[in-house]
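Below, chains carry the letters A, B, ... as their sequence lines are ordered, and counting in each starts from 1.
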There are 2 protein chains.
Amino acid sequence: MPAMSHRLDITFHALADPTRRAILSMLLEDDMAVSDVAEPFEMSLAAVSKHLGILSRAGLISQERRGRVKWCQLEPDALRDASIWMQSFGQFEAVNLDAFEKFLAAEFPGNSDATGQDG
Amino acid sequence: MPAMSHRLDITFHALADPTRRAILSMLLEDDMAVSDVAEPFEMSLAAVSKHLGILSRAGLISQERRGRVKWCQLEPDALRDASIWMQSFGQFEAVNLDAFEKFLAAEFPGNSDATGQDG
DNA sequence: GGCATATTCAACCAAACGGTTGACGAAACC
DNA sequence: GGTTTCGTCAACCGTTTGGTTGAATATGCC
């Protein structure tokens with residue numbers, strides 16, 4: 001596996017954008033069509049389509065065409081390498097569940113607007 | 001904490017570069033001066049200095065000036081939020097130690113060249 | 001003081017990013 | 001068959017990125 005590092009580049013880069021993280025959060029709840037993914041964002045469908053392409057190339061989501069609708073599905077396994085890479089820096093063997101809850105409350109306020117964006 | 005999402009942007013972006021991940025790996029072993037961090041890389045000192053600035057602004061390292069030498073120290077706590085964010089995607093409550101070992105062997109071959117870069 | 005060492009700053013560059021728009025292709029509906 | 005819907009493509013645009021170089025700013029040494 002020579003390109004291990006490159007895969008990490010792709011994964012972390014994909015995660016480094018709030019829109020893309022918001023999309024992943026949305027897909028946590030259910031598979032979605034591209035248009036439905038795009039709907040809550042104040043940007044063009046083409047822009048969201050690009051984001052989905054980046055997530056897809058990173059392996060973080062998969063896309064399956066059914067009829068004219070393209071369904072997007074979370075592929076959380078792709079986070080594994082990145083997560084494991086982080087583990088190599090210690091500290092995280094036992095994630096503090098308390099901190100986790102607080103974090104979620106801050107990152108996904110109300111969970112009705114689980115976008116990971118400010119506001 | 002309104003800018004939680006922005007912090008994640010910064011952290012993931014900092015991690016999305018192989019040079020910067022290599023630097024973090026080097027700092028795992030020991031604190032280092034800027035010049036010593038730069039030495040193994042085939043790029044200018046100024047470039048490495050910029051990378052260190054990015055890592056520092058992300059909180060992933062701290063820098064302390066002693067005399068004319070600036071020492072760089074790993075700050076693994078900054079990975080916590082990013083790590084926790086990943087936990088929200090499930091899958092990782094129990095990291096597979098076996099996978100972890102294999103990963104380390106691939107990412108840091110021999111551990112004498114723990115750069116995280118290809119080759 | 002004068003010179004070497006350690007690090008950053010400033011200006012610049014090519015390439016990539018995140019977005020837009022308009023055209024296009026493919027599937028579905030009537 | 002014509003039109004609408006879904007999604008991508010291509011071209012473009014301003015900004016950011018990751019790198020370079022040379023000058024500037026400490027600090028340490030003799």
Side-chain angles (χ1 to χ4, degrees), chain A residues 3 5-24 26-27 30-58 60-73 115-118, chain B residues 3 5-24 26-27 30-58 60-73 115-118:
Chain A
S5 178
H6 189 245
R7 285 229 321 271
L8 287 176
D9 293 358
I10 305 288
T11 305
F12 281 127
H13 168 253
L15 294 175
D17 180 279
T19 300
R20 289 194 288 268
R21 289 199 309 279
I23 291 173
L24 293 179
M26 293 163 63
L27 292 177
D30 224 335
D31 299 0
M32 295 179 80
V34 171
S35 329
D36 293 335
V37 170
E39 198 269 331
F41 295 101
E42 288 181 351
M43 72 180 68
S44 67
L45 178 60
V48 172
S49 179
K50 279 193 194 177
H51 281 302
L52 289 169
I54 290 171
L55 290 171
S56 185
R57 255 165 273 128
L60 291 164
I61 68 169
S62 59
Q63 295 182 289
E64 182 199 357
R65 181 145 228 143
R66 277 208 293 276
R68 64 182 163 178
V69 173
K70 200 168 188 178
W71 293 90
C72 306
Q73 183 181 4
T115 63
Q117 309 205 5
D118 300 340
Chain B
S5 179
H6 189 245
R7 285 228 323 270
L8 286 176
D9 292 359
I10 304 286
T11 305
F12 281 128
H13 168 253
L15 294 175
D17 180 278
T19 301
R20 289 194 287 268
R21 289 199 309 279
I23 290 173
L24 292 179
M26 293 163 62
L27 292 178
D30 222 338
D31 299 1
M32 296 178 80
V34 171
S35 328
D36 293 333
V37 169
E39 198 269 330
F41 295 101
E42 287 181 351
M43 71 180 69
S44 68
L45 179 60
V48 172
S49 180
K50 280 192 192 176
H51 281 303
L52 289 169
I54 290 171
L55 288 170
S56 185
R57 255 165 274 129
L60 290 164
I61 67 169
S62 58
Q63 296 182 288
E64 181 200 357
R65 181 145 228 142
R66 277 208 294 277
R68 64 182 161 176
V69 174
K70 200 168 188 179
W71 292 89
C72 305
Q73 183 182 3
T115 64
Q117 307 203 357
D118 302 340

Please find the pair of heavy atoms, one from B/Met26 and one from B/Pro40, that lie closest to each other, and give the distance. CE-CG, 3.7 Å

Grab the CZ-P distance between A/Phe41 and C/dG19 for me, whole Å please. 10 Å

Would you check if the side chain of A/Ser56 reaches a backbone N or O of A/Leu52 as a donor-acceptor pair within less than 3.5 Å? no

Checking all strands, does A/Arg20 fall into the base, sugar-phosphate, or nothing category for heavy-atom contacts under 4.0 angstrom? sugar-phosphate

Between CD1 of A/Ile10 and P of C/dC17 the distance, given in whole Å, is 8 Å

Would you say B/Ser44 reaches D/dG19's phosphate, i.e. side-chain N/O to OP1/OP2 under 4.0 Å? no

Starting from P on D/dT8, measure out to CG on A/Leu52 and report it in whole angstrom. 7 Å

Could you state the atom-to-atom distance from CG of B/Leu55 to C1' of D/dG18 in whole Å? 13 Å

Any side-chain to backbone donor/acceptor pair from B/Arg21 onto B/Ala14? Under 3.5 Å, distance only. no

Between CG of A/Asp36 and C1' of D/dT5 the distance, given in whole Å, is 12 Å

Given B/Leu27, which of B/Ile61, B/Leu60, B/Leu55 fulfils the side-chain contact (heavy atoms from CB on, under 4.5 Å) condition? B/Ile61

Nearest of D/dG18, C/dA6, C/dG19 to any side-chain atom of B/Ile54? D/dG18

Pairwise distance CE(A/Met32) to SG(A/Cys72) - rounded to 0.5 angstrom: 8.5 Å

Between C/dT8, D/dC6, D/dG19, spot the one nearest the side chain of B/His51, thanks. D/dG19

Interatomic distance, A/Leu45 CG vs C/dT20 P [rounded to whole Å]: 11 Å

Would you mind telling me which of D/dG18, D/dC6, D/dT20 lies closest to the side-chain atoms of B/Met43? D/dT20

Could you give the CZ-to-P distance, from A/Phe12 to D/dG18, as a whole number of Å? 15 Å

Phosphate OP1/OP2 of C/dG25: any A/Arg68 side-chain N/O under 4.0 Å: no

Can a side chain N or O of A/Lys50 be found less than 4.0 Å away from OP1 or OP2 on D/dT8? no

More 5' along DNA chain C: A/Ala16 or B/Trp71, using each one's nearest nucleotide? B/Trp71

In whole angstrom, what separates B/Arg65's CZ from C/dT5's P? 16 Å

Phosphate-side-chain proximity, B/His13 and D/dG18, N/O vs OP1/OP2 below 4.0 Å: yes

Among D/dG19, C/dC9, D/dT8, the one nearest B/Ala46 by side-chain distance: C/dC9

Look at the side chain of A/Thr19 and decide which nucleotide, out of C/dG19, D/dT8, D/dG18, has an atom nearest to it. C/dG19

